[in-house]
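Heads up: the structure comes next, in structure tokens.
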Amino acid sequence: MDSYPVKLFVISLMFHCSFQLLPLPDFIHPCHELTDECFTKATLDAIPGVVKGIPEAGIPTLDPLFIDKNISIELPGNLKMQFHNAKLVGLSTCVPNKVSSRREKRTFIFDMHCNFTIRGLYSLRGRLLLFNLDTEGAAKIKIWNQHIRLEVVEKVVLKDSGEGHYKINSYKYKADYGTDLKMNLTNLIRGNPEISANLLQVLNRDSQLFANEFGGPILDYAIDYAMNVTQRFFDAYTYDQLSPVPLTKDFFVKE
Ligand SMILES: *[C@@H]1O[C@H](CO)[C@@H](O)[C@H](O)[C@H]1NC(C)=O
Ligand SMILES: *[C@@H]1O[C@H](CO)[C@@H](O)[C@H](O)[C@H]1NC(C)=O
Ligand SMILES: *[C@@H]1O[C@H](CO)[C@@H](O)[C@H](O)[C@H]1NC(C)=O
Ligand SMILES: *[C@@H]1O[C@H](CO)[C@@H](O)[C@H](O)[C@H]1NC(C)=O
């Protein structure tokens, strides 16, 4: 038997080992065809696994997502609300409607919907209907079928190792606030559970009006966090691992 292929195999194995590539998790299914169908299916397959976290790639769990800052929200009527100790549950429920790539613009577009629950502590000051509020309590907000359209512009950077890695250049997103939104704020009127419950009912009747103000800052945080995590994912795995479709050299950018 000619030993040439064996040698080649050994050499390529050594070559491979010297990079210490992290094996791709089995829920990541790279697309051999650059079609919307494949990207959508691959995203559907990837979400539950990625959201759980990939410890070997330094990726923390995304569900629940603890919101590590105070979020200020201005509501109509000079109402000021602050959220703290908040957590967002539901990124694992996100289902892609369609994921497409505009290769010439290096843009991925994720069109998806999710069910979210936000829990935390709130404080509220200002005028609401007939009441002057200065209160605090527990908040729970449920949003059904939140629609998100996320556009991510990436490039491929050539690292010193000689491997290409995706890098997120920029992103932007649009969201509408779902088919339904229900809030539960305890203690709206200090020490008066009955009026508090009535006021809450009134608020929930018009919850779509508040949805934007509530959802916006929390979604800003969640998507920024998810983009940071995605970048960590791209740093851990090479372009070749993630995209079996070869690139022409002009796609690469030297870091
Ligand atoms: C967040 O708000 C809470 C309650 O108002 C306050 O105790 C805490 O110090 C704030 N934290 C930051 C980082 O501003
Ligand atoms: C959101 O919840 C509704 C009602 O429970 C359910 O019908 C829908 O499938 C859920 N959507 C997602 C994306 O989980
Ligand atoms: C709101 O939450 C409180 C405390 O968890 C609960 O007692 C109350 O029934 C809830 N109200 C609604 C309208 O869900
Ligand atoms: C994402 O990363 C940037 C840069 O490191 C950082 O400033 C920002 O706070 C991070 N966002 C979140 C939500 O953690």
Side-chain angles (χ1 to χ4, degrees), residues 40 43-48 50-51 53 58-72 83-99 110-122 124 135-150 152 154 166-173 175-207 210-211 214-236:
T40 306
T43 305
L44 186 68
D45 295 344
I47 285 174
V50 173
V51 162
I59 291 175
T61 178
L62 290 173
D63 197 0
L65 177 64
F66 293 93
I67 304 198
D68 195 15
K69 73 173 203 189
N70 285 356
I71 290 183
S72 298
F83 259 122
H84 54 108
N85 290 24
K87 111 183 155 177
L88 174 74
V89 174
L91 281 170
S92 60
T93 70
C94 293
V95 172
N97 308 323
K98 184 170 155 186
V99 178
F110 298 86
D111 193 275
M112 56 199 169
H113 61 281
C114 320
N115 286 338
F116 288 131
T117 304
I118 300 155
R119 284 172 201 276
L121 301 174
Y122 79 92
L124 186 61
T135 186
E136 56 194 36
K140 177 178 165 190
I141 299 160
K142 283 198 74 155
I143 304 172
W144 283 271
N145 292 311
Q146 164 98 61
H147 175 228
I148 299 170
R149 187 179 186 278
L150 173 66
V152 182
E154 40 81 13
Y166 277 114
K167 188 162 171 64
I168 296 172
N169 243 2
S170 63
Y171 71 86
K172 60 181 181 191
Y173 83 92
D176 67 50
Y177 287 91
T179 50
D180 200 8
L181 179 141
K182 282 271 176 296
M183 315 182 257
N184 188 352
L185 307 172
T186 67
N187 199 36
L188 266 174
I189 308 289
R190 279 183 194 275
N192 197 330
E194 221 162 282
I195 301 182
S196 294
N198 288 339
L199 192 54
L200 188 61
Q201 244 179 5
V202 173
L203 280 181
N204 271 318
R205 225 173 279 152
D206 287 328
S207 60
F210 295 101
F214 273 127
I218 288 172
L219 215 52
D220 283 350
Y221 184 95
I223 289 180
D224 196 48
Y225 192 93
M227 289 294 98
N228 284 358
V229 162
T230 306
Q231 184 58 56
R232 227 178 284 170
F233 178 82
F234 289 153
D235 292 340

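Just the heavy atoms: all of them, side chains too, but no hydrogens, waters or symmetry mates, feed the values below. For ligands, and for the atoms within them, numbers begin at 1 and follow the listed sequence.
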Q) N/O to N/O below 3.5 Å, does that happen between Y221 and ligand 4? A) no
Q) Quick check: does N228 get an N/O under 3.5 Å from an N/O on ligand 4? A) yes
Q. Do N169 side-chain atoms and E154 backbone N/O form a donor-acceptor pair below 3.5 Å?
A. no
Checking [X] now: which residues fulfil salt bridge (Lys or Arg N to Asp or Glu O under 4.0 Å) with it, not counting sequence neighbours?
X: K98; answer: D36
X: R149; answer: E151
X: D45; answer: K41

Q: Could you pull out the closest heavy-atom pair between P96 and M112, with the gap in Å?
A: CA-CB, 3.7 Å
I'd like the atom pairs linking ligand 3 to the protein - N or O on both sides, separation under 3.5 Å - with distances to 0.1 Å.
from: ligand 3; atom 1: 2 (O); to: N184; atom 2: ND2; distance (Å): 2.4
from: ligand 3; atom 1: 11 (N); to: N184; atom 2: ND2; distance (Å): 2.8
from: ligand 3; atom 1: 14 (O); to: N184; atom 2: ND2; distance (Å): 3.3

Q) Any idea which atoms of ligand 2 are less than 4.0 Å away from a heavy-atom of T93? A) 12 (C), 13 (C), 14 (O)
Q: Could you list the atoms of ligand 2 found under 4.0 angstrom from a heavy atom of H113?
A: 13 (C)
Short side-chain donor-acceptor distance under 3.5 Å, [Y] and [X]:
X: D235; Y: Q231; value: yes
X: D224; Y: Y171; value: yes
X: H84; Y: N70; value: no

Q.
Can you name the atoms of ligand 4, numbered from 1 with element, that are less than 4.0 Å from a heavy atom of D224?
A. 1 (C), 8 (C), 10 (C), 11 (N), 12 (C), 13 (C)
